[in-house]
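Accompanying notes for the structure given below.
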Amino acid sequence: GLLGLLGGRAAPRGARGMGLVLPLYNHQFDSDWVAVADAARRVPLIAVVAAAPSPEPNAELARNAQALRDAGATVLWYVYTRNGSMPCCECCEDLAIIEGHMDNVLRYPGDGIFLDNIFGKDRNKDPPGNLRKFQQIVAAVRARSPGARIMLNGPGHAAPPELQPAYDALMGPDDFPSVWMESYEQNFREKWVHWDSPWLHQGPPSRWAAILHQGAASESNLHEDVAAAKERGIGWIDHTDTPYQGLATYFEELVAAVEAANNSED
């Protein structure tokens, strides 16, 4: 059928090498779907997409998601976890509301779920409490779809050392294709030093993703950032000068830069 629950453990899809993470939370741009599908044939690609809560799934959205998967992309569905997350729909601190969002997106073709702000706005207040909340959320995902790939935004280098084993446990074993997303929104190049943290090199490169968007990202420093990511063995990067509604204005150059890095012997 057109719509389907996530099946068994999601295998890595498509091309090999360093890949792109694309937060496509807005589905208004038909050209984006085509551009992303084309890119997925050239470089590994995770597309993070969203579906508004609805009584019936959106058939067009389901077709677009499946088209990305057919091109080799990994499709992760955004699940609202915080009142400040984008896109924001309603207050969603309540686990039952979050579970409702899971049930909504698991009706669509996909490979897993993206959980935003695991170390979010209360990171300086109660990291253990925040961790417990996301342990509950991840358990709810696993109960519904044991094989789902999960991407968690943060905490990366900011994780208190005593909590790192518990964060690792959320991800599963090394061969389980789940990912941490690290956000460096203000100055990517000055913060690469954080990637020398030993914890960020445990497990395969495919476990770690680095994000740079808006003010710090530009076409002018694209190749420098891609080279830095490759040097540090980072599996996934998100590099864009736009918010979460579309692709980078230099998207074609970005794809070409990652493809070239993957093909380089240096």
Side-chain angles (χ1 to χ4, degrees), residues 6-7 9-14 18-25 36 39-40 43-51 65 68-69 72-82 85-87 92 98 101-102 104-106 108-120 123 130-131 133-142 144-159 164 166-185 195 199-200 202-213 229 234-240 244 258:
L6 295 168
R9 176 169 295 190
R13 305 175 61 83
M18 186 167 60
L20 291 172
V21 177
L22 303 177
L24 299 178
Y25 305 162
V36 170
V43 300
L45 194 146
I46 294 175
V48 182
V49 295
L68 293 185
R69 299 183 78 236
T74 295
V75 173
L76 302 183
W77 290 91
Y78 190 108
V79 166
Y80 309 85
T81 57
R82 286 187 181 276
S85 297
M86 290 186 64
C92 23
I98 295 171
H101 292 310
M102 292 178 193
N104 177 58
V105 299
L106 286 171
Y108 289 89
D111 300 282
I113 282 177
F114 177 96
L115 298 173
D116 205 358
N117 285 336
I118 190 171
F119 209 58
R123 59 186 179 274
N130 200 36
L131 173 62
K133 180 189 295 287
F134 277 85
Q135 286 172 329
Q136 291 179 319
I137 296 171
V138 169
V141 175
R142 297 281 182 236
R144 286 161 169 76
S145 183
R149 184 170 190 168
I150 296 177
M151 175 172 274
L152 300 167
N153 185 11
H157 70 277
Q164 289 174 2
Y167 284 119
D168 281 334
L170 290 179
M171 303 307 294
D174 284 350
D175 64 345
F176 200 94
S178 296
V179 183
W180 285 123
M181 172 68 86
E182 263 300 274
S183 182
Y184 293 143
E185 300 179 12
W195 286 98
W199 187 51
L200 295 182
Q202 293 179 12
S206 57
R207 174 162 292 196
W208 302 103
I211 178 173
L212 173 70
H213 57 77
I234 294 169
W236 304 95
I237 59 172
D238 167 26
H239 197 288
T240 180
Y244 310 100
V258 174

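When every heavy atom of W236 is checked against every heavy atom of V21, the shortest pair comes out as CB-CG2, 3.5 Å. Residues A148 and G112 share a closest heavy-atom pair of CB-CA, 4.1 Å. What you find for A166 and Q135 is that their closest heavy atoms are CB-NE2, 4.0 Å. What you find for A73 and D111 is that their closest heavy atoms are O-OD2, 4.0 Å. Residues A51 and N104 share a closest heavy-atom pair of O-ND2, 3.0 Å. Nearest approach of G72 to A40, heavy atoms of both residues: C-CB, 4.3 Å.
The side-chain heavy atoms of D238 and V48, taken from C-beta on, include no pair separated by under 4.5 Å. Side-chain contact check for I113 versus L106: some heavy-atom pair is nearer than 4.5 Å.
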Side chain to side chain contact (heavy atoms under 4.5 Å, CB included) evaluation trace for L152 with V138: CA-CA 9 Å; L152 300 167; V138 169; 4.2 Å; yes
Audit row: W77, V49, side chain to side chain contact (heavy atoms under 4.5 Å, CB included) steps and yes/no: CA-CA 5 Å; W77 290 91; V49 295; 3.6 Å; yes
Steps toward side chain to side chain contact (heavy atoms under 4.5 Å, CB included) verdict (H239, V258): CA-CA 11 Å; H239 197 288; V258 174; over 6 Å; no
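Every side-chain contact (heavy atoms from CB on, under 4.5 Å) that Q136 has, sequence neighbours left out, goes to L95.
Just one residue in the list L115, I150, I137, L131 forms a side chain to side chain contact (heavy atoms under 4.5 Å, CB included) with L170, and that residue is L131.
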